[in-house]
Amino acid sequence: MPEERTLDFIRSIVEEDLRTGKYDGRVHTRFPPEPNGYLHIGHAKAINLNFSIAEEYGGLCNLRFDDTNPCMEEEEYVDSIMEDIHWLGFDWGDRLYYASDYFGKLYDYAVQLIEMGKAYVCDLSPEEIREYRGSLTEPGRNSPYRDRDVEENLDLFARMRAGEFPDGSRTLRARIDMAASNMNMRDPVMYRILHATHHRTGDEWCIYPMYDFTHCLSDSIERITHSNCSIEFEDHRALYDWFLDELGVYHPQQIEFARLNLTRTVLSKRKLKRLVEEGHVESWDDPRMPTLAGLRRRGYTPEAIREFLRRVGVAKTPTTIEIELLEHCLREDLNARAQRVMAVLRPLRLVIENYPEGRVEEVEAINNPEDSSAGTRKLPFSRELFVERTDFREDPPKKWFRLAPGREVRLKHGYLVTCNDVVRDPSSGEVVELRCEYDPESRGGEAPDGRKVRGTLHWVSAPHAVDAEVRLFDHLLLEEPPEGVEETDFENMINPDSREALSGCKLEPGLGDAEPGTICQFMRQGYFCADPADSREGESVWNRSVSLRDTWAKIEKSQSRG
RNA sequence: UGGGGAGUCGUCUAGUGGCAGGACGACGGACUCUGGAUCCGUUAGCGGAGGUUCGAAUCCUCCCUCCCCAACCA
């Protein structure tokens with residue numbers, strides 16, 4: 001039974017507009033990032049919405065960099081943003097634009113508004129502007145420069161552009177209503193003086209247009225039909241409409257939807273930047289980061305992210321999605337596609353005493369039980385193996401199916417082995433080796449007498465194993481604030497153990513030269529991605545994308561609770 | 001206390017005057033050469049109070065709660 005999907009409210013609007021011929025049957029969206037940081041999964045929601053709507057309705061979606069603040073923006077971010085959008089599977093064709101492409105046109109529009117008496121040059125300082133603006137409950141006061149005549153405004157604005165005035169000394173403001181209950185309408189600043197070098201226009205301009213003035217007109221110039229933005233711009237829509245109406249130009253419609261929030265992580269550029277700068281993570285593409293670059297390095301696939309966004313949907317209700325849903329989507333995607341391999345993260349030597357010394361057999365292993373076309377591979381099996389240290393207990397609890405003294409288990413694809421004895425480190429008493437015997441008749445893992453063996457373990461042949469570093473990640477934020485600490489700041493919530501690096505891990509031989517970015521399922525453990533940045537010759541580095549669901553951990557947890 | 005938004009299982013999301021459904025999570029079971037996957041089941045919700053109506057999550061009124069807005073950021 002295919003899942004019935006009803007249209008989200010934005011698609012409903014689009015369909016209605018198509019039906020009424022509002023934009024001559026066109027659908028044209030845009031994704032307008034500011035190049036001042038890396039894209040995160042919240043942006044992916046907007047990307048997916050805008051590009052998908054265009055796709056679904058035979059329309060177009062532009063990529064437009066909203067680069068009106070030269071102090072914040074950098075070329076590095078432009079490149080990463082384009083890479084991330086492509087990675088997600090979307091393309092803007094030849095429609096790559098920059099708001100800075102429109103600086104000339106925007107200037108002309110501003111002049112036009114001045115001529116109409118709808119804009120004026122204001123000499124108030126930033127502090128004074130704030131004072132004059134009033135408060136949420138009190139109306140603002142008119143600037144003393146509000147009634148300058150058109151000629152003077154034109155002259156002053158030209159001289160602002162010519163660089164005659166220092167930064168912050170004057171602004172161009174829209175002449176609307178200082179008593180408006182919507183603060184955005186209290187004569188908003190349209191242009192500020194900024195003697196700063198712009199990443200594209202260099203030093204051509206020393207005045208830069210503000211977001212509200214730029215955005216609506218950029219949409220208009222590109223003949224956008226549906227200008228989808230996040231909910232905090234709802235109050236700005238009046239201004240968006242005001243500029244376009246006053247200028248009498250093509251008028252797209254702004255539609256606001258709720259941005260994405262996720263539990264156990266942060267999704268604001270400011271906070272992400274702090275995580276990087278304060279060293280809580282290593283970089284913007286640290287696998288713990290919810291940036292697209294981080295998720296990619298972690299092993300998230302575009303398919304998983306897009307499926308997640310599809311399930312999340314689009315609405316106006318502010319929501320916080322549990323990160324478990326994202327993880328579920330990744331498992332679902334990788335379960336179907338990832339090759340199964342064996343990797344021992346915390347090796348414990350296992351010697352099969354009755355297995356001939358020097359003998360090596362090749363056993364056949366299924367690559368992916370979910371995908372018969374994935375085929376099989378050969379694995380070396382020998383007298384000395386590594387198994388997972390956590391798969392052995394000297395005093396096994398109830399329902400323990402794994403290794404313990406006297407217990408028989410199956411070595412996946414290999415033989416049944418029984419633990420006879422342990423070897424200890426004489427000084428510490430720690431178990432350093434298991435002495436076992438195998439059933440020579442059980443090759444492949446089936447007992448000849450049909451006896452049932454519940455436990456199946458992963459293993460690697462000791463002489464054939466390749467070394468690796470494996471990094472296990474936990475959520476960036478704690479679930480609960482630490483004892484005695486108020487959840488005042490996200491800083492108090494940062495998980496100090498979000499990363500654990502294990503070295504000396506033992507991988508099956510085929511993984512020695514895995515391509516960076518390769519994603520595998522380490523059987524019984526989780527999905528892991530070969531790190532593209534840190535892997536090196538002779539020792540690959542793997543990031544855990546997400547663990548497998550661990551039913552035993554749950555059983556044990558409930559046992560310990562009594 | 002001004003304006004703009006939003007309230008449906010724990011978390012998301014359908015339902016738009018006619019049996020409140022789905023997903024994730026949690027819990028239980030079946031199956032299993034991954035304690036994976038898969039399958040089955042259980043759990044649990046219309047913010048509140050009135051009103052209209054044969055019938056209200058849906059329409060009306062009032063109330064409550066939460067989010068956003070006072071950058072020369074976007």
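Sequence lines set the chain letters: A, B, ... in the order given, protein chains first and strands last, and positions in each chain run from 1. Everything quoted here is computed from the prediction, not taken from an experiment.
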What's the closest nucleotide to the side chain of [X] if the choices are [options]?
X	options	answer
A:I321	B:U34, B:C12, B:G10	B:C12
A:S181	B:G35, B:G3, B:U34	B:G3
A:F233	B:G5, B:C72, B:A74	B:A74
A:R549	B:G36, B:C72, B:G7	B:G36
A:T171	B:A70, B:C72, B:C73	B:C72
A:L325	B:C69, B:U34, B:A23	B:A23
A:N335	B:C72, B:G36, B:C27	B:G36
A:I555	B:G35, B:G2, B:C72	B:G35
A:L136	B:C73, B:A71, B:G2	B:G2
A:R524	B:C72, B:G35, B:C12	B:G35

Whole-angstrom distance between [N] and [M], as gauged at atom [atom1]:
N	M	atom1	value
B:C24	B:G45	C1'	15 Å
B:G41	B:A49	P	34 Å
B:C66	B:C27	P	32 Å
B:A26	B:C63	P	42 Å
B:U53	B:U11	C1'	35 Å
B:G25	B:C31	C1'	23 Å
B:U43	B:C68	P	37 Å
B:G3	B:U8	C1'	27 Å

Separation of [X] atom [atom1] from [N] atom [atom2], in whole Å?
X	N	atom1	atom2	answer
A:D212	B:A70	CG	C1'	14 Å
A:E324	B:C24	CD	P	13 Å
A:E322	B:C9	CD	C1'	12 Å
A:L330	B:C24	CG	P	15 Å
A:L260	B:U13	CG	P	10 Å
A:E332	B:G25	CD	C1'	15 Å
A:R130	B:C73	CZ	P	12 Å

Is [X] salt-bridged to [Y], cutoff N-O under 4.0 Å?
X	Y	answer
A:D439	A:R451	yes
A:K316	A:E256	yes
A:E332	A:R311	yes

Can you tell me if [X] touches the phosphate of [N], counting only side-chain N or O atoms and a distance under 4.0 Å to OP1 or OP2?
X	N	result
A:K554	B:C27	yes
A:H328	B:C24	yes
A:T68	B:A74	yes
A:R133	B:A71	yes

5'-most contact on RNA chain B (nearest-nucleotide basis), A:R410 vs A:R237, goes to A:R237
Main chain of A:R173, side chain of A:T171: is a donor-acceptor contact present, judged purely on distance under 3.5 Å?
no
Is there a donor-acceptor pair closer than 3.5 Å between any side-chain N or O of A:Y191 and the backbone N or O of A:Y107? yes
> Within 45° of the ring axis of A:Y97 and under 6.0 Å from its six-membered ring centre, is that where the NZ or CZ of A:R64 lies?
Replying inline: no
Q) With a 4.0 Å cut-off on heavy atoms, is A:P318 in touch with a base, just the backbone sugar-phosphate, or nothing at all? A) sugar-phosphate
Practice item. For the pair A:F528 and A:F522, name the ring-plane relationship: parallel under 30°, tilted 30 to 60°, perpendicular over 60°. Key: parallel
TODO: Anything under 30° is parallel, anything over 60° is perpendicular, the rest tilted; go ahead and classify A:H236 against A:F233.
DONE: perpendicular
Test for a donor-acceptor pair under 3.5 Å between the base of [N] and the side chain of [X], counting only N and O atoms.
X	N	answer
A:E370	B:G36	yes
A:Q521	B:U34	yes
A:D235	B:G3	yes
A:R402	B:G35	yes
A:E138	B:G2	no

Secondary structure of RNA chain B per the Watson-Crick/G-U criterion (both distances under 3.5 Å; [ ] crossing, | other strand, . unpaired) is .((((((..((((....[..))))((((((.......))))))...(((((..]....))))))))))).....
A:E164 meets the salt bridge (Lys or Arg N to Asp or Glu O under 4.0 Å) criterion, sequence neighbours left out, with A:R159
Might you confirm whether atom CZ of A:R259 has over 12 heavy atoms from other residues, nucleotides or ligands at distances under 6.0 Å? no
Expected label for B:A71 (glycosidic angle, syn inside 90° of 0, else anti) would be syn
